[in-house]
Amino acid sequence: MKISKPRGTRDFLPEDTKQRRHVENILRQIVRNWGFNEIITPTFESLELFTLKSGEGIIGELYNFTDKGDREMTLRPELTAPVMRMYVNEMQAYQQPLKLFYFENCFRYERPQKGRFREFWQFGVELIGSNKADADAEVIALATYMLKAVGIKGDLHVNNLGVIRHLLNILETEHQSKIMRLVDKKDDIGLNDFLEEIDAPADLRMKLLELICLTGDEAISNAKELVGEIPEIQRFQELLTLLDTYGVEYTIDFGIARGLDYYTGTVFEIYAEGLGAQNQVCGGGSYQLIKLFGGGDVPSTGFGLGFDRIMEVCEIEAPDDKPIVIIAKDSTRLEAVKTSIKLRPHMPVYNDLMKRNFKAQLTYANNIGANHVIIIGEQEVEAGKVTLKNMNSGEQELLTIEEVILKLGKNNDTIPEKNKKR
RNA sequence: GCCGGGGUAGGGUAGCGGUUAUCCUGUAGCCCUGUGGAGGCUACGAUUCGAGUUCGAUUCUCGAUCCCGGCCCCA
């Protein structure tokens with residue numbers, strides 16, 4: 001009886017894995033160059049960490065369990081909360097701003113569909129300690145640069161929640177939250193009904209419905225007409241000026257709400273084409289979670305990139321490994337092993353492990369796409385050299401191992417390419 | 001949790017009440033023990049699971065399960 005993999009999980013074959021690692025390393029390199037440092041948090045955490053952040057309702061979507069010491073645990077559904085927990089536990093005295101990033105798997109008990117799995121990977125960034133527009137701008141710009149680097153055309157939408165909150169601040173806090181959630185869902189009917197239900201002032205109602213539809217270049221001036229010259233708009237403009245300077249293209253969109261109370265001002269989402277219903281590849285903003293987890297009043301900005309969705313639409317190819325195959329006879333197998341040891345610091349080398357005959361070894365080399373084979377037979381051993389055969393041209397030459405290393409180090413562009421990656 | 005569409009060797013497929021379950025590809029080996037890519041031959045390998053209808057089910061019915069897509073949700 002075959003055992004199948006759990007629902008919503010995936011096996012990554014060698015080709016898939018190579019591709020994922022390649023893209024992952026490109027992203028990692030960019031984030032490092034922007035001055036962020038990678039961290040790793042536990043795969044499972046206390047259930048409370050996430051219910052604290054998101055409420056009890058989240059439990060339905062978690063892979064939670066009780067451990068043998070009767071502790072309520074869960075596989076992490078996201079990484080912002082763990083990173084904030086880590087900060088509160090052990091990084092509060094660090095020099096700020098603290099620039100952290102992660103690339104880890106997360107788990108949600110949900111119905112799988114296109115771009116949605118039960119185990120999925122998130123690449124995220126958290127900048128802790130600054131509430132300035134400069135911090136928000138750097139984080140947003142970074143997200144767009146990352147997507148660009150892997151060849152994805154993203155559509156960036158930005159908002160500052162301060163504006164809509166300014167409008168709503170005459171209402172009860174709970175009503176404000178509910179409205180933000182409805183705005184986030186773009187549930188206009190539900191929003192209307194709710195405004196009716198709480199008997200919101202007509203003036204507010206009109207302005208709100210108008211505001212959340214504002215997008216594009218005119219949005220700022222239109223918003224000013226609705227709410228006046230409030231500091232939040234100024235702050236929003238400061239951010240946009242910075243984004244212009246970064247060369248980032250964006251759409252102002254007062255309809256982005258992100259639905260959660262802990263977002264403080266700047267919020268943004270990036271969408272990509274070709275992903276069906278799950279087209280959001282990135283989401284983030286500035287938020288205040290540290291206080292909730294028992295730390296100080298420290299502001300943060302961050303985002304999460306849906307790595308699996310990126311892999312769905314990203315078309316860049318990982319470089320080939322271009323393996324070298326050593327071909328030996330029964331009498332020279334030990335010599336082949338010794339040679340492989342000398343070559344392996346410089347290139348990927350395959351020995352025959354199947355005791356195949358000479359011809360079949362060549363066929364094997366051909367099938368795995370080797371550009372070169374190294375033939376070690378009695379003649380070569382006698383000469384103290386090896387035969388290097390180019391599988392594309394068929395040319396052969398008798399060389400010392402040192403000469404082979406020199407030659408393939410120069411001609412085989414795999415080697416420098418590989419070093420470049422790290 | 002809900003709604004649609006699907007499951008036949010590792011991958012891609014044909015059969016649609018009775019077949020030795022078809023073909024392509026793949027892998028291993030041989031033709032061919034110092035020269036690969038072609039060809040020939042051989043081997044390996046499948047009806048998702050469980051009930052029901054039937055003399056007989058891969059085929060029809062129901063249920064489960066998994067996959068694909070959508071809804072809900074999206075921290």
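Note that the structure is predicted; figures quoted are calculated from it, not measured. In what follows, chains carry the letters A, B, and so on, assigned in the order in which the sequence lines appear, proteins first and then strands, with residues in each chain numbered from 1.
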Say you pick atom P in B:C60 and the same atom in B:G18; how far apart are they, in whole Å?
-> 11 Å

Mate of B:C66 across any strand shown (Watson-Crick or G-U wobble, both atom pairs under 3.5 Å) is B:G6

Which residues satisfy the side-chain hydrogen bond (donor to acceptor under 3.5 Å, both in side chains) test with A:Asn37, sequence neighbours excluded?
-> none

Strand-adjacent residues in residues 51-67 of chain A, judged by heavy atoms under 4.0 Å from RNA chain B | A:Lys53, A:Ser54, A:Ile58, A:Glu61, A:Leu62

Let me have a per-nucleotide readout for nucleotides 67-72 of chain B, 5' to 3', with B, S or -, counting only protein heavy atoms under 4.0 Å.
-> S-SBBB

A:Lys186 meets the salt bridge (charged side-chain N to carboxylate O under 4.0 Å, His left out) criterion, sequence neighbours left out, with none

Using the C1' atom in both, what is the distance from B:G26 to B:C32, to the nearest Å?
-> 22 Å

Under a 3.5 Å limit on both distances, the Watson-Crick or wobble mate of B:C71 is B:G1

May I ask you to check whether A:Arg165 and A:Asn169 show a side-chain donor-acceptor distance below 3.5 Å?
-> no

Pairwise P distance, B:C31 and B:G37 [rounded to whole Å] = 14 Å

Distance between the P atoms of B:C24 and B:G40, in whole angstroms?
-> 10 Å

Sugar-phosphate atoms are those with a prime plus P, OP1 and OP2; base atoms are the rest. Using that split, label each nucleotide of nucleotides 27-37 of chain B B, S or - for protein heavy atoms under 4.0 Å, 5' to 3'.
-> -SSS-B-BBBB

Is there a donor-acceptor contact under 3.5 Å linking the side chains of A:Thr266 and A:Asn160?
-> no

C1' spacing across the pair B:G15 / B:G70, given as an integer number of angstrom = 32 Å

What orientation do A:Phe123 and A:Phe101 show, parallel under 30°, tilted 30 to 60°, or perpendicular over 60°?
-> parallel

Please measure how far the C1' atom in B:U8 lies from the corresponding atom in B:U25, and state the result in whole Å.
-> 16 Å

With a 4.0 Å cut-off on heavy atoms, is A:Phe120 in touch with a base, just the backbone sugar-phosphate, or nothing at all?
-> nothing

Do we see a donor-acceptor contact under 3.5 Å between the side chains of A:Gln396 and A:Thr387?
-> no

For A:Phe44, look at atom CZ and say whether over 12 heavy atoms of other residues, nucleotides or ligands are found less than 6.0 Å away.
-> no

With C1' as the reference atom in both, quote the distance from B:U58 to B:U48 in angstrom, rounded to an integer.
-> 12 Å

For B:U19, the Watson-Crick or wobble counterpart (both distances under 3.5 Å) | none

Counting Watson-Crick and G-U wobble pairs only, both distances under 3.5 Å, name the nucleotide matched with B:A43, or none.
-> B:U27

Checking N1-N3 plus N6-O4 or O6-N4 for Watson-Crick, or N1-O2 and O6-N3 for wobble, each under 3.5 Å, the partner of B:U35 is none

Identify the nucleotide, in any strand shown, that forms a Watson-Crick or G-U wobble pair with B:C60, with both distances under 3.5 Å; if there is none, say none.
-> B:G52

If the C1' atom of B:C44 is compared with that of B:A57, how far apart are they to the nearest Å?
-> 27 Å

Can A:Gln96 and A:Ser130 be counted as having a side-chain donor-acceptor contact under 3.5 angstrom?
-> no

Contacts of A:Asn357 meeting side-chain contact (heavy atoms from CB on, under 4.5 Å) (sequence neighbours excluded), chain-then-number -> A:Lys359, A:Ala360

With no hydrogens and no angle check, do the side chains of A:Glu126 and A:Tyr287 hold a donor and an acceptor under 3.5 Å apart?
-> yes

Inspect the surroundings of OH in A:Tyr271 and state if more than 12 heavy atoms from other residues, nucleotides or ligands are less than 6.0 Å away.
-> yes

Without swapping roles, check the side chain of A:Asn192 against the backbone of A:Ile189 for a donor-acceptor pair under 3.5 Å.
-> no

